[in-house]
Number of protein chains: 2
Amino acid sequence: MPTDRTPPRGTPAHGRPADAAAAHGTGGGARSDGTPAHGSGRPAHGSGTTAHGPGRPADAPPAEGVPGGGAGARRRGRPRKDEPALTERVVLDAGVRLLARDGLDAVTMRGLAAELGVRAASLYRYVRNKDELLDALADEQFAGIDLTRYVQDDWRAALTAMATALRRHLLARRDAARLIAGRFTTGPHSLRNIEALLTVLRGAGLSDHDAAFAAYTCVTSLFGFVAAEQNRLSAEVAAGMAPREYLDRLAGRLRAMPADRYPNVVALAGELTAPDLAARFDFAMARLLAGIDALVAAGEPR
Amino acid sequence: MPTDRTPPRGTPAHGRPADAAAAHGTGGGARSDGTPAHGSGRPAHGSGTTAHGPGRPADAPPAEGVPGGGAGARRRGRPRKDEPALTERVVLDAGVRLLARDGLDAVTMRGLAAELGVRAASLYRYVRNKDELLDALADEQFAGIDLTRYVQDDWRAALTAMATALRRHLLARRDAARLIAGRFTTGPHSLRNIEALLTVLRGAGLSDHDAAFAAYTCVTSLFGFVAAEQNRLSAEVAAGMAPREYLDRLAGRLRAMPADRYPNVVALAGELTAPDLAARFDFAMARLLAGIDALVAAGEPR
DNA sequence: ACCTGAACACCGTTCAAGT
DNA sequence: ACCTGAACACCGTTCAAGT
C-alpha cells in the first residue's frame with residue numbers, strides 16, 4: 001500500500017529535478033527519495049509479461065556487485081580480460097533496470113555506474129552525456145511493445161486496441177510518461193509503432209496528409225493523457241494518501257470554492273474527481289475516434 | 001499527511017508557517033485560494049514589466065553585491081528595517097522571472113536566492129521545498145490567461161478560440177509545457193480556466209458527466225500537443241539547427257529507413273515532418289471538436 | 001583500449017547562530 | 001522574526017593518469 005509515505009526526514013529530501021535537459025552548464029539536479037517503492041495498485045510492472053523486442057539480451061543478469069571479488073582494493077585501469085565488460089547495450093539495459101526499480105530521479109550517472117559496478121567516469125565512453133542517455137532510455141520504453149500485432153481491418157477496433165495496450169504499457173513503467181513527455185523521441189522502437197498506427201489509418205481510407213496528422217494527434221493526445229495520469233498517481237504517492245482519500249480531499253476542496261465564481265467547478269466536483277481513469281481514457285479515445293471517423297466518412301463518398 | 005509530522009529537530013521555535021500545513025501538499029501550494037492581487041494584466045510578461053502585487057518594493061535592485069558598501073563583510077541576521085523584505089509573493093514572482101529569462105534548468109534554489117539578493121537558506125521560510133515551488137510556478141503559468149473571455153454561445157467557436165489562445169500562451173512561456181506536464185496542477189489559476197471550459201461544454205448541452213470528461217480530454221490533449229511541440233522546438237535549439245534544417249534532416253532519416261519494414265513511415269516522411277505545427281494543432285482540435293460534436297448531437301434529439 | 005581517482009563547479013536542504 | 005554561514009550528502013562532467 002502507498003500509505004507509508006512522508007518524505008524521509010533523516011536524509012535530505014531533495015526536490016524533484018524537473019529533469020535533466022541541459023546538455024551543458026548546470027547539471028540536472030538531485031534525486032528525490034521522496035518517492036517510495038511505487039506501490040500504487042495496478043498490474044505488476046517491472047519486467048512482467050510484456051512482449052520483448054527481437055533478439056534482445058532480455059532481462060539480463062542483475063549486474064554483479066564488485067569485480068575481482070576480493071577486498072576493497074580498487075585499482076586503476078581495467079581488471080583482467082580484454083573483453084570490454086561494458087558496452088552501450090549493457091549500459092542501456094542497466095539504465096532501464098534502474099529506472100524501473102528506483103524511478104527517474106534515481107537515474108544518475110553515479111547511480112548507474114554503481115549499478116554496473118563501475119565509476120561514473122567510465123560511462124562517458126558509452127554515452128555522450130546524461131541527456132543522450134535519457135533520450136535512449138525514452139525510446140527504450142517502447143522496446144517491449146509492438147503495436148503491429150493489433151493491425152486489423154476494422155480500423156476502429158485496431159486503434160482502440162492499440163491505445164489501450166499503449167496506455168497499459170506506459171502505466172506499467174515507472175515514470176515512463178514523465179521521461180517521454182520531456183523529450184522528442186524518434187528512435188527505432190518508437191518508429192515501429194508509428195508504422196503500425198499509420199498502417200491502420202491509411203487502411204481506414206485517410207489521405208497521406210490526414211493519416212500523418214491523425215497519427216500525430218493520437219500520439220500526442222495519448223501521451224498527454226497518460227502523463228497526467230501518471231503524475232496524478234505519483235502526486236497521490238507523494239502525498240502519502242490512498243487514491244480514494246486523495247481524490248475525496250480534492251473533491252472537497254473543489255466543492256468548497258466560491259460558488260459564484262466557480263459554479264461549474266463546484267457543481268461538477270464529483271465528476272471532475274471521478275477515480276476511474278480508465279473510463280476517462282476510453283472516453284477520450286472514443287471522442288478522438290469519432291473525430292477521425294468524421295474525416296473517414298467525408299472521404300468515403302467519392 | 002506529510003505536513004505536520006517531522007517537527008524541526010533542534011529548535012522548537014523553528015516550526016513552519018502555519019498556513020503551509022493548512023494548504024496541504026497538493027498543487028495549489030501554500031497560498032490558499034484567495035491569492036493576493038497579482039494584477040497579471042497579461043500583456044507584457046517578459047522581464048521587467050510584469051504587474052506587481054500591492055505594496056511591493058517593486059523590482060528592487062538586482063541584488064547588489066555587498067551591503068553596507070564597504071568590504072566584503074556579509075553579516076548574519078537581517079540588515080535594518082523590520083519590513084520582511086521577502087514574502088511568498090515576491091519569491092514566486094522572482095521564480096516566474098527566472099524561469100522566463102533563463103529556463104527551467106536555471107530555476108535552482110541558489111539561483112532564485114541570487115535573483116532576490118539573498119542566500120538559498122532564506123527561501124525555506126517561504127517555500128517548503130523546491131518541488132512545492134515548482135508546483136506553484138506551474139500554476140503561475142496560467143496567471144496571465146483568462147479563458148473566461150472566450151465564453152460564448154457558439155460552443156465550437158468558443159472551444160477553438162480557447163484552444164488557440166492557450167496554445168499561444170504556453171508556447172510564449174519558456175519551458176511552460178515541460179514544467180506543467182511534469183506535475184498535477186490544481187491551483188487557483190488553473191481552476192479559473194477549467195471553469196470557463198466547463199461553462200462552454202455544459203452550454204453545448206453535455207451532461208455533467210460528459211462535460212467533466214470532455215474538459216479533461218481537452219486539457220490533457222492540448223497539454224500533450226504543446227509539450228511535444230515545445231520539446232521539438234528545444235530539440236532544434238539544442239541541435240543548433242534552424243527548424244527547417246532540423247526537419248529536413250529528420251525527413252531524410254525517415255526516408256532512409258528500410259522500406260519493407262517501415263513502408264508507411266517512408267512513404268509519409270514528408271507529411272510526418274511537416275513544419276507547420278499550427279496546422280497540425282488545428283487538425284487535432286478539429287478532430288476533438290468533431291468527436292465532442294457527435295456527443296452533443298446524440299444528446300440533442302431527446 | 002578501458003577504467004579510475006581526483007577535481008571542479010555545481011545541487012537541495014538543515015541548522016545553529018547572529019541581529 | 002528573519003536571514004546567514006557552514007556543513008552534509010549529493011550532482012554531471014573532465015582529465016591526467018594507471019593497466
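Since the structure is predicted, the reported quantities are computational estimates derived from the model, not experimental observations. Only heavy atoms go into these numbers, but all of them, side chains included; no hydrogens, no water, no symmetry mates. In what follows, every chain begins at residue 1, and chains take the letters A, B, ... in the order their sequences are listed.
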Rounded distance (Å) that lies between atom [atom2] of [N] and atom [atom1] of [X]:
| X | N | atom1 | atom2 | answer |
| --- | --- | --- | --- | --- |
| B/Asp131 | C/dT13 | CG | C1' | 14 Å |
| A/Glu88 | C/dC2 | CD | P | 13 Å |
| A/Arg110 | C/dA6 | CZ | P | 13 Å |
| B/Leu123 | C/dT14 | CG | C1' | 14 Å |
| A/Leu116 | C/dT4 | CG | P | 10 Å |
| B/Leu112 | C/dC10 | CG | P | 17 Å |
| A/Arg125 | D/dA16 | CZ | P | 13 Å |
| B/Asp105 | D/dG12 | CG | P | 13 Å |

Results of side chain to side chain donor-acceptor pair (under 3.5 Å) for A/Arg125 - residues two or more places apart only |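 None.
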So which one's nearest nucleotide on DNA chain D is more toward 5', A/Gly111 or B/Ala120?
->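 With B/Ala120 and A/Gly111 compared, the 5'-side residue is B/Ala120.
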Checking the side chain of [X] only, and the main-chain atoms of [Y] only, is there a donor and an acceptor separated by less than 3.5 Å?
| X | Y | value |
| --- | --- | --- |
| B/Glu115 | B/Gly111 | no |
| B/Asp175 | B/Leu104 | yes |
| A/His189 | A/Ile145 | no |

Does the side chain of A/Arg119 get closer than 4.0 angstrom to OP1 or OP2 of C/dG5 through an N or O atom?
->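 A/Arg119 to C/dG5 OP1/OP2: side-chain N or O found under 4.0 Å.
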Under 4.0 Å between a side-chain N or O of A/Tyr126 and OP1 or OP2 of C/dC2?
->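 No, because none of the side-chain N or O atoms of A/Tyr126 sits under 4.0 Å from OP1 or OP2 of C/dC2.
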When you check the side-chain N and O atoms of B/Thr185 and B/Asp139, is any donor under 3.5 Å from an acceptor?
->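 No, no side-chain donor-acceptor pair sits under 3.5 Å.
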Partners meeting salt bridge (Lys or Arg N to Asp or Glu O under 4.0 Å) with B/Asp248 (sequence neighbours left out) =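 Salt bridge (Lys or Arg N to Asp or Glu O under 4.0 Å) check on B/Asp248 returns B/Arg244.
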Considering only side-chain heavy atoms of [X], which listed nucleotide, [options], is closest?
| X | options | value |
| --- | --- | --- |
| A/Tyr124 | C/dG12, D/dG12, D/dC3 | D/dG12 |
| B/Ser122 | D/dC11, D/dT4, C/dC3 | D/dT4 |
| A/Lys130 | D/dT13, D/dC3, C/dG12 | D/dT13 |
| A/Ala121 | D/dG12, D/dA7, C/dT4 | C/dT4 |

Look at atom CD of B/Glu245 and say whether more than 12 heavy atoms of other residues, nucleotides or ligands are closer to it than 6.0 Å.
->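 More than 12 heavy atoms, drawn from other residues, nucleotides or ligands, come within 6.0 Å of this atom.
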5'-to-3' dot-bracket of DNA chain D (Watson-Crick, G-U; under 3.5 angstrom; crossing pairs as [ ]; | other strand) = ||.|||||...|||||.||
